[in-house]
Amino acid sequence: MAPFLSFKNTNGLHVSAGKVHQLSNQGSEALHFIVTSTPPSHGDRVEVSLR
């Protein structure tokens, strides 16, 4: 199992190219996030449905 990281308001995280990663909101407040990819991430995301 991958490590679980907890963030406060205005925190950020850099994920190196080629690293498998996942984002989820375990809190009770809405999560807003910005993804910036270099090079552009066109076609490399997999969207999953929530059940």
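Between the H32 side chain and the A30 main chain, no donor and acceptor come within less than 3.5 Å of each other.
Annotation: the span from F33 atom CZ to L13 atom CG amounts to 12.5 Å, rounded to 0.5 Å.
A single hydrophobic cluster is not seen to contain both V35 and V15; linkage of ILVMFWY side chains at heavy-atom distances under 4.5 Å, directly or through other members, places them apart.
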Please report the C-alpha distance between Q22 and S24 in whole Å, then the side-chain angles of each, then the deciding distance to 0.1 Å, and finally whether the side-chain hydrogen bond (donor to acceptor under 3.5 Å, both in side chains) criterion is met.
CA-CA 7 Å; Q22 182 179 41; S24 68; over 6 Å; no
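Taking the side chain as every heavy atom from C-beta outward, L31 and L23 approach each other to under 4.5 Å.
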